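One-based numbering, in listed order, for ligands and for the atoms of each. Bear in mind the structure is a predicted one, so any value in this text is a computation, not a measurement.
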Amino acid sequence: MALPVVLLASPRSFCAGVERAVEIVEKLLAQRGGPIHVRKQIVHNTHVVADLEARGAVFVDELDAVPDGATVVFSAHGVSPAVRAEAARRGLDVVDATCPLVTKVHAEARRFVARGDTVVLIGHAGHEEVDGTLGEAPDRMLLVETVADVARLEVPDPTRVSYLTQTTLAADETAELVAALRARFPLLRGPAAADICYATTNRQDAVREVARDADVVLVVGSANSSNSVRLVELARRQGTPAHLVEDAADIRPEWLVGARVVGLTAGASAPPRLVDEVVTALGAQDVRVRETTRETITFTLPAAVRPR
Ligand code: 10G
Ligand code: SF4
């Protein structure tokens with residue numbers, strides 16, 4: 001079988017929010033030594049979590065598993081005010097790795113609720129980011145996942161409705177949902193700039209370009225990584241078979257039968273080295289980067305881990 005050409009989507013892999021979150025845990029481990037407790041997976045990637053665990057990070061589901069007075073890191077996906085309050089009550093030393101672009105959505109939720117609106121959040125039920133954002137005003141916010149959910153919405157005042165979105169949604173699907181909301185609530189108001197973040201948008205634009213010219217697309221990422229799963233779905237909507245792989249070991253030979261061009265990308269929480277390993281496993285000699293934009297965004301670290 002001829003070796004495939006690999007079309008590498010760019011941008012791919014770590015976003016600025018993930019870089020920052022991982023660096024926060026690494027810096028804490030270096031400064032204070034382990035164990036450093038982290039509430040939930042710092043980002044939704046099995047390899048990132050296992051690597052940090054091996055270096056002394058302890059991932060817990062809830063704060064009751066953190067000893068009184070200990071340091072605890074909040075994951076990149078953000079937390080509800082109730083979690084912050086509980087950490088304060090317990091006297092925990094919080095280092096917040098919430099991505100600043102998620103924090104922005106929380107601030108919008110508070111602002112929209114304060115002006116008297118019902119806030120409709122477009123997102124996926126049960127996702128940590130959604131739980132955190134809804135926690136800003138559980139009685140004044142409603143979650144919608146589908147256009148059918150929009151039809152079922154009941155709000156106290158249809159002239160006072162705003163929407164917000166999870167940061168990692170598919171841009172095309174979200175646009176349909178916003179249009180459905182606007183059809184039901186013509187006075188609908190939204191965020192000044194889209195809540196779907198730059199990294200999500202860029203990775204979707206890049207995979208779309210690659211999927212167009214590839215026989216099959218591989219997306220490196222974990223199954224619970226929302227943005228990674230969206231990349232697989234988007235490639236499939238382009239008509240190209242696509243598969244999510246945790247790492248090179250997940251690649252099934254039958255996916256590659258007859259594939260001359262393999263598109264390759266990675267979700268925002270998947271480390272770049274896993275992509276390199278996939279390229280090696282494919283045995284590709286001809287690797288072409290398809291760059292749709294170049295990212296320059298970085299976020300500053302919280303004061304607790306900033307170099308003095
Ligand atoms: O795509 P999701 O939200 O599941 O998260 P992830 O950890 O896989 O990727 C980074 C994105 C976030 C931290 C959500 S803002
Ligand atoms: Fe921040 Fe976007 Fe990355 Fe989420 S996907 S951590 S919002 S940059």
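No side-chain heavy atom of Val262 sits less than 4.5 Å from a side-chain heavy atom of Leu7. Under the 4.5 Å side-chain criterion, counting only non-hydrogen atoms from C-beta, Ile42 is in contact with Val48.
A perpendicular orientation is assigned to the rings of Tyr198 and Phe299, their planes being inclined by more than 60° (bins at 30° and 60°). Between His243 and Trp255, the angle of the ring planes stays under 30°, which puts this pair in the parallel group of the 30/60° scheme.
When the shell of 6.0 Å around CZ of Arg306 is examined, it contains more than 12 heavy atoms from other residues, nucleotides or ligands. For CZ of Arg115, the number of neighbouring non-hydrogen atoms (other residues, nucleotides, ligands) closer than 6.0 Å is greater than 12. Within 6.0 Å of the CZ atom in Arg288, the count of heavy atoms belonging to other residues, nucleotides or ligands does not exceed 12. For CZ of Arg260, the number of neighbouring non-hydrogen atoms (other residues, nucleotides, ligands) closer than 6.0 Å is 12 at most. Environment of CD in Glu154: sparse, with no more than 12 heavy atoms of neighbouring residues, nucleotides or ligands closer than 6.0 Å.
Residue-ligand proximity, Ser226 to ligand 1, at heavy-atom distances under 4.0 Å covers atoms 1 (O), 2 (P), 3 (O), 4 (O). Which parts of ligand 1 touch Thr167 is read off a 4.0 Å heavy-atom cut-off, strictly below it: atoms 15 (S). Using a 4.0 Å cut-off to heavy atoms of Val18, the atoms of ligand 1 that qualify are 10 (C). With ligand atoms numbered from 1 in the order given, ligand 1 contributes 15 (S) to contacts under 4.0 Å with heavy atoms of Val102. Taking every heavy atom of Ser269 and a limit of under 4.0 angstrom, the matching atoms of ligand 1 come to 6 (P), 7 (O), 8 (O), 9 (O). Those atoms of ligand 2 that come under 4.0 Å of a heavy atom in Tyr198, given as number and element, are 8 (S). Close approach of ligand 1 to His127 (heavy-atom distance below 4.0 Å) involves ligand atoms 2 (P), 3 (O), 4 (O). Below 4.0 Å from some heavy atom of Val43 lie the following atoms of ligand 1, by number and element: 7 (O). Below 4.0 Å from some heavy atom of Glu129 lie the following atoms of ligand 1, by number and element: 14 (C), 15 (S).
At a 3.5 angstrom cut-off on N or O pairs, Gln166 does not count as close to ligand 1.
Using a 4.0 Å cut-off between heavy atoms, Ser225 contacts ligand 1 through both its backbone and its side chain. By the criterion of a heavy-atom distance under 4.0 Å, both the backbone and the side chain of Asn227 are placed next to ligand 1. With a 4.0 Å cut-off on non-hydrogen atoms, Asn224 touches ligand 1 through its backbone and not its side chain.
Looking only at protein N/O/S atoms, the ones less than 2.8 Å from atom 1 (Fe) of ligand 2 make 1 in total.
Note that the OG atom of Ser80 and the CG atom of Leu134 stand 10.0 Å from one another [nearest 0.5 Å].
Residues satisfying the side chain to side chain contact (heavy atoms under 4.5 Å, CB included) test with Arg110, not counting sequence neighbours, are His106, Ala107, Glu136.
At the top of the distance list for atom 5 (O) of ligand 1, counting protein heavy atoms only, stands His77 NE2, 3.2 Å. In terms of protein heavy-atom proximity, atom 7 (O) of ligand 1 is closest to His44 N, 2.6 Å.
Residues Leu169 and Val150 share a single hydrophobic cluster, defined by chaining ILVMFWY side chains whose heavy atoms lie under 4.5 Å apart.
A salt bridge links Asp213 with Arg290: the distance from a Lys NZ or Arg NE/NH1/NH2 to an Asp or Glu carboxylate oxygen falls below 4.0 Å.
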